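The next block holds one structure in the form of structure tokens; read it before the comments.
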Amino acid sequence: MRRRVILLLAGAGWGKSTALAAWARGRPVAWLTVDEDHQLAGRFVRDLLTTLRPFLRAPQPEWTAPAESPRAALLDALNAGLREDVVLVLDDAHQFAHESATAHLVDHLCDRAPGGLRIVLAARHEPAVRLHRLRGRGQLSDLDARALRMDEESVARFLSLAAGPCDPGLAGLMAGCTDGWPAALRLTVDALRDTPPDGWPGLLAKVHAGPQVLMRYVREEVLAKEPAENLALLSRWGRVESAGPGPLDDLRRRGLVLDGTGPTAEPRLLEPVRRCLAAEVPAPTRKDSRRVSFRTLGGFQVLRDGRAVPAAEWKSAKARQVLKLLLARRGAPVPREQLMDFLWPGEAPDRLGNRLSVVLSATRTALLGTRRCGGESPLVADRDAVQLDLLRTEVDVMRFLDQAAEALDADRRGGDSTRPLALAQQLYKGAFLADDLYAEWALPLREEAHSEYLCVLHALVRQAGRSGDSALAGRAALRLLEHDPYDEQAHIGLIESLTRAGRHGEARRRYDAYTRQMRTIGVVPVVVRSDPATAAPSP
């Protein structure tokens, strides 16, 4: 922390956020997780100042950053004075787009922030922020996966917590199988949990590659997200050194390659990655069968290789309607007769077979492009029914529901589920198929997604409040009130989070607003225990 900026760079599963969260307890830390919405500089500045507000002198509750000059607005607010030294954590900093306004703003912030502000950038790969100048000045601390690797002693402590007393040799075996990669250790232990620890060595010896859940994680979270050139280097590892120090150093920093030991000290692959590749699992590529994805939350958009399908390529408006209906059915088969009645209500089905075939052909062309190369269409049709194969595509609403279910399940089990809840909250971008708000066929999935979103927000208010993250709890409570201004628990959560942050005047105003809203619907307001004056008017 002696330097202005700290870069914590490591790939998936190295525990960057977990390590930072543990370190941050009891310290003045403001935390902002970067997401896609923060490509807009104005949105980034507003969220950043909300996060930093408890540490600013005389914060102005209603202040918002002008979108036309976010850089100047941010520096003016910070130079007005931090009331104490503070560490700003920008988690998932790899989300900043190259040459974006937000990336330039973070450049400026790292270079010219007040002396009392230290900035931690946690990222899976080198962020799109110009850090070379800070390195040259000696103002940047570089930390990478090597600082997060668990040694045999750490593995032994983890095993004693996860499985109870174990044979002393088990820690060495597990450290060798996982190379101290936290994600690999956790997934391996979870896979073996139903077997007594004294049986683990035998099971590990029988599994050539490793537990299937670990191999799936390596394929989907590590290899599938690597650039093609890195995948080629990893697949022909014996000649990776000939690629030069640049690629090799990047793989080392992110934890895919480890420094060797012994006389030659040659670098080697991370053991779970080596096992996955040695098992002859087909290496994922960018042009796989999931090249088509759908955005349905807040609107409708079809993406091909990450880019929206241009309007000129939609030869039929009915092609879009077909996709919407199939998405609302979650990939379940829809009979052709039902689909024809949906597209041409009231017309005789025996005259519509050819017209439906034309629409389906136009839909496939829009999904895969005119050349139809690089993957299979997720649209599957036979003589009886039509459906979307969700294994060949990615749908944002399904991803949100899966993440929400996982996060809420973790919340019910106890412990700190703040991060999975925050991720689920970020995935919800608005109502399912918001362009078709009055379509009855979209209503069941829309209501389910919205209900899960509200459950996630309620859980996030509770969890963030317990963990002391007042800014996150306040933002979640505000989003709840946007959907339901009479949500009593959201009002109370917001008042308590403001009080914990020391924003007593704003907490009092929110308490007054809460009492007015409750009396409007005939509900007696409660006295919030954390009311700043401890003398909130009794009902």
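This structure is a prediction, so every number in the text was calculated from the model and none was measured.
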So which atom in Ile119 and which in Cys110 form the shortest heavy-atom distance, rounded to 0.1 Å? CD1-CA, 3.9 Å
Pair Asp92, Thr33: side-chain N/O donor-acceptor within cut-off below 3.5 Å: no
Please give me the minimum heavy-atom distance between Arg479 and Tyr453, naming the atom from each residue. CD-OH, 3.5 Å
Walk me through whether Arg53 and Arg503 qualify under side chain to side chain contact (heavy atoms under 4.5 Å, CB included). CA-CA 9 Å; Arg53 186 176 291 165; Arg503 294 154 63 182; 2.8 Å; yes
May I ask you to decide whether Arg254 forms a salt bridge with Asp144, counting only side-chain N to carboxylate O separations under 4.0 Å? no
Donor-acceptor pair, Ser497 side chain versus Leu494 backbone, under 3.5 Å? yes
Examine distances only and state if a side-chain atom of Tyr428 and a backbone atom of Val456 form a donor-acceptor pair shorter than 3.5 Å. no
Full working for side chain to side chain donor-acceptor pair (under 3.5 Å) between His125 and Arg253: CA-CA 9 Å; His125 52 74; Arg253 294 174 68 198; over 6 Å; no
Nearest non-hydrogen partners of Val397 and Leu445, listed with the distance: CG1-CD2, 4.2 Å
Evaluate Asp91 against Leu32 for side chain to side chain contact (heavy atoms under 4.5 Å, CB included), listing each step before the verdict. CA-CA 6 Å; Asp91 199 9; Leu32 178 63; over 6 Å; no
Flag, side chain of Arg446 to backbone of Phe432, donor-acceptor distance under 3.5 Å: yes
Are the side chain of Asp107 and the backbone of Val129 linked by a donor-acceptor contact shorter than 3.5 Å? no
Would you say that Leu251 contacts Glu226 through its side chain, given a criterion of any heavy-atom pair below 4.5 Å between the two side chains? yes
Sub-4.5 Å side-chain heavy-atom contact between Leu427 and Arg399: yes
I'd like to know if the side chain of Ser160 reaches the main chain of Arg157, judged simply by a donor and an acceptor atom lying under 3.5 Å from each other, with no hydrogens or angles considered. yes
Should Glu126 and Arg135 count as an ion pair when the cut-off is N to O under 4.0 Å? yes
Going through the checks in order, is the salt bridge (Lys or Arg N to Asp or Glu O under 4.0 Å) test met by Asp259 and Arg146? CA-CA 9 Å; Asp259 293 323; Arg146 287 170 284 194; 3.7 Å; yes
Below 4.5 Å, heavy atoms only, C-beta onward: do Leu277 and Leu223 meet side chain to side chain? yes
Just wondering, more than 12 heavy atoms not from Arg466 lying within 6.0 Å of its CZ? yes
For the side chain of Arg149 and the backbone of Asp179, is there at least one donor-acceptor N/O pair under 3.5 Å apart? yes
For the pair Phe96 and Phe44, evaluate ring pair (Phe, Tyr, Trp, His ring centres under 6.0 Å) and give the outcome as yes or no after the intermediate values. CA-CA 11 Å; Phe96 293 127; Phe44 174 73; 5.7 Å; yes
Hydrogens and angles aside, do Gln463 and Asp411 bring a side-chain donor and acceptor to less than 3.5 Å of each other? yes
Residue pair Arg274 / Leu234, side-chain heavy-atom distance below 4.5 Å: no
Can you give me the closest heavy-atom contact between Ala175 and Glu152, atom names plus distance? CB-CA, 4.4 Å
Look at the aromatic rings of His450 and His483 and report parallel, tilted or perpendicular, splitting at 30° and 60°. tilted
Shortest non-hydrogen contact from Asp111 toward Arg137: OD1-NH1, 2.7 Å
Grab the two heavy atoms, one from Cys177 and one from Arg275, that are nearest each other, plus how far apart they are. SG-NH2, 4.0 Å
Please report the C-alpha distance between Val302 and Arg295 in whole Å, then the side-chain angles of each, then the deciding distance to 0.1 Å, and finally whether the side chain to side chain contact (heavy atoms under 4.5 Å, CB included) criterion is met. CA-CA 6 Å; Val302 180; Arg295 290 180 181 171; over 6 Å; no
Side chains of Arg510 and His491, heavy atoms from C-beta outward: is any pair under 4.5 Å? no
Do Ser154 and Asp151 meet the criterion of a side-chain donor-acceptor pair at a distance under 3.5 Å? yes
With heavy-atom distances below 4.5 Å as the criterion, would you say the side chains of Val395 and Leu327 are in contact? yes
